[in-house]
Amino acid sequence: MPDEIAFWHDEFLSSFRRSGVRTFLGKKNTVKMVTKSKEQITVEIFADEVEYNDTLIGFIKDVREVVKLQEENALADVLLNACESALVAIDEKGTIIRFSSVSTKLFGYTSEEILGENVTTLMTEKDAENHPYYLKQYKKLREKRVIGTKTRVTGKTKSGTEVTLELTIKEVTLGDKFLFMGFLRDITQELINTRSKSLCNAIIEMSSLAFVAINHVGIIQQFNPASEKLFNRNASEAIGMNVKNLMPEEIRIHHDEYLANYQATGIKSVVDTTREVECLPKGKEREPVSIQVKETKLLGKSFFFGFVTSIRGQLEQRLQESINKSAIEVTTPPVVIIDTVGTILQFQDNSNTLGYRGHEVVGQNVRIFLPDEIAYEHDGYLMQYQRTGVKHVLDTTRVLTAKRMDGVHIR
């Protein structure tokens, strides 16, 4: 025995003789013993008392290999449970013989619940129906169609929920038998994200708005076809360069500073706004544009998205409207609106032809604009039209004499 056990052995025997308490007798105990060569080995010992002659008998079994295997299994369990992928190991009949803690999180079963069950428990009805046939065919033909490759499969949790999994199968051969180790990773959310990204990219690619995405230091990450047309640059040329190269000099020299200030202060001078600025297409003159900037964060870093559209046509239209308005204000003759008895309701004289302002004449009779010889008859003309409806003046163009505020007659 090792010294630490040998030191107490006589005391154990004496205690048993006195008390009769069978602390170690009648059961298996795993202990250390010492060989002739002083090597400590692990053994399993079963000791018991022989009746009538006060003798103890012991059976000793060398369990070094068993203990080594247990230690290796314990280490394997630690490593597998630390693995990000779920592990499910099955024998050649499909019986589950190993189920990691990650598998418990994924499928909802504890090891106690699932060990000894067929792996089809974790499958959809369709896959479960075909799986025994696949195992039988593999045992017969040994064709590795799935083993060693990544396959997308659908699993079923304890609650009945279906999850999309990435499955990698490894084969372990033990003599003429074989086991399968399945490593599984839930890719449900990954697929959702991929599909969402694909949809967003398709929308962006088809958009008539120029779309430019940059990272936190201004490097272009995405550049859609509408951007290629607006900025006269290929996406392959634009992606990777600084977005300030799309700007006129007076903006370009300050852009890095704007980004740095925003990162430091978080004050949104441009983000979440729509602004009218100028951009600089390659080899062309400046282009007036409207740009709307949005921000998102990924792993703590900011990314900015700019939606850009040319407003040259809008500016030209605004300019034309302004010119037209100015021309109207300068050239339009006086406009007078009266009621049925001749009272002025509205007056506009942008060219100051008659010399009056609107507030000076609204509420008065329109006769103030007429020479006396016409003013005298005007009320009679209005009354006659009200009675007969005969249009002597309405819907016609006539040349007549008007009287300005200063009394001067004009035609």
Side-chain angles (χ1 to χ4, degrees), residues 28 30 44 63 65-200:
K28 294 177 181 179
T30 302
E44 182 181 271
V63 293
E65 291 300 323
V66 174
V67 171
K68 181 180 179 182
L69 182 60
Q70 289 174 342
E71 291 174 347
E72 290 175 349
N73 284 340
L75 177 59
D77 283 339
V78 170
L79 295 175
L80 291 172
N81 288 333
C83 180
E84 292 184 359
S85 297
L87 166 76
V88 179
I90 64 172
D91 62 18
E92 58 189 18
K93 295 180 180 179
T95 304
I96 299 173
I97 58 176
R98 185 69 67 89
F99 198 76
S100 70
S101 59
V102 181
S103 299
T104 294
K105 294 178 182 178
L106 177 58
F107 291 101
Y109 293 98
T110 63
S111 294
E112 291 76 12
E113 290 175 315
I114 202 68
L115 290 178
E117 298 292 330
N118 197 283
V119 73
T120 54
T121 305
L122 307 177
M123 301 178 182
T124 61
E125 184 176 345
K126 180 181 177 181
D127 290 339
E129 182 180 343
N130 296 323
H131 194 259
Y133 171 77
Y134 296 150
L135 282 177
K136 187 181 297 185
Q137 285 294 102
Y138 179 74
K139 185 176 182 181
K140 180 180 178 181
L141 303 175
R142 309 293 284 184
E143 292 183 0
K144 297 184 178 183
R145 296 182 179 179
V146 177
I147 294 174
T149 63
K150 290 182 179 180
T151 309
R152 185 182 298 176
V153 297
T154 302
K156 186 178 69 175
T157 67
K158 183 178 179 180
S159 65
T161 304
E162 293 187 358
V163 290
T164 304
L165 305 169
E166 181 184 83
L167 169 65
T168 303
I169 300 176
K170 301 292 184 181
E171 180 186 11
V172 179
T173 304
L174 299 174
D176 60 344
K177 295 184 179 181
F178 50 88
L179 308 176
F180 299 104
M181 310 277 283
F183 297 88
L184 301 117
R185 187 168 66 90
D186 185 355
I187 58 172
T188 304
Q189 190 59 49
E190 188 176 301
L191 288 177
I192 292 173
N193 293 341
T194 299
R195 288 165 185 163
S196 297
K197 182 179 179 180
S198 297
L199 177 60
C200 289

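The chain is numbered in sequence order, starting from 1. Worth knowing before you read on, the calculation uses all heavy atoms, side chains too, and leaves out hydrogens, waters and symmetry mates.
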* S103 side-chain N/O to L87 backbone N/O, donor-acceptor pair under 3.5 Å -> yes

* **CD (E129) with more than 12 external heavy atoms under 6.0 Å** => no

* Structure fact -> S159 and T161 have their tightest heavy-atom pair at OG-OG1, 3.1 Å

* To do: Output yes when E166 and R152 qualify as a salt bridge under the 4.0 Å nitrogen-oxygen rule, no when they do not.
  => no

* **Any D91 side-chain heavy atom under 4.5 Å of F178 side chain** => no

* Pair K158 + E113, salt bridge at N-O below 4.0 Å -> yes

* Do T157 and V163 touch side chain to side chain, with heavy atoms closer than 4.5 Å? -> yes

* Check whether any side-chain heavy atom of H131 sits under 4.5 Å from a side-chain heavy atom of V119, and report yes or no. => yes

* Is there a donor-acceptor pair under 3.5 Å between the side chain of N118 and the backbone N or O of K93? -> yes

* Asked: Can you find a heavy atom in the side chain of I97 that is under 4.5 Å from one in the side chain of I90?
  -> no

* Asked: Side chains of Y138 and E92: do they bring a donor and an acceptor to under 3.5 Å?
  -> no

* Intermediate values then yes/no, side chain to side chain donor-acceptor pair (under 3.5 Å), T104 and S101 -> CA-CA 5 Å; T104 294; S101 59; over 6 Å; no

* To do: Output, in order, the C-alpha distance, side-chain angles, deciding distance and verdict of side-chain contact (heavy atoms from CB on, under 4.5 Å) for E190 and R185.
  => CA-CA 10 Å; E190 188 176 301; R185 187 168 66 90; 2.9 Å; yes

* Is the shortest heavy-atom distance from the side chain of I114 to the side chain of L122 under 4.5 Å? -> yes

* Rounded to the nearest 0.5 Å, how far apart are OG1 of T149 and CD1 of I169? -> 7.5 Å

* Could you give me the CA-CA distance, side-chain angles and deciding distance for T95 and E117, then say whether side-chain contact (heavy atoms from CB on, under 4.5 Å) is met? => CA-CA 6 Å; T95 304; E117 298 292 330; over 6 Å; no

* How long is the gap from CG on L165 to OG1 on T188, to the nearest 0.5 Å? -> 6.5 Å

* Should the ring pair F99 and F107 be called parallel, tilted or perpendicular, given that the plane angle runs from 0 to 90° and is split at 30 and 60? -> tilted

* Structure fact -> One should read off an interatomic distance between T154 OG1 and K156 NZ, to the nearest 0.5 angstrom, of 12.0 Å

* Rounded to the nearest 0.5 Å, how far does CG of D186 lie from CG of L191? -> 9.0 Å

* Step by step, work out the side-chain contact (heavy atoms from CB on, under 4.5 Å) result for K28 and T30. => CA-CA 7 Å; K28 294 177 181 179; T30 302; over 6 Å; no

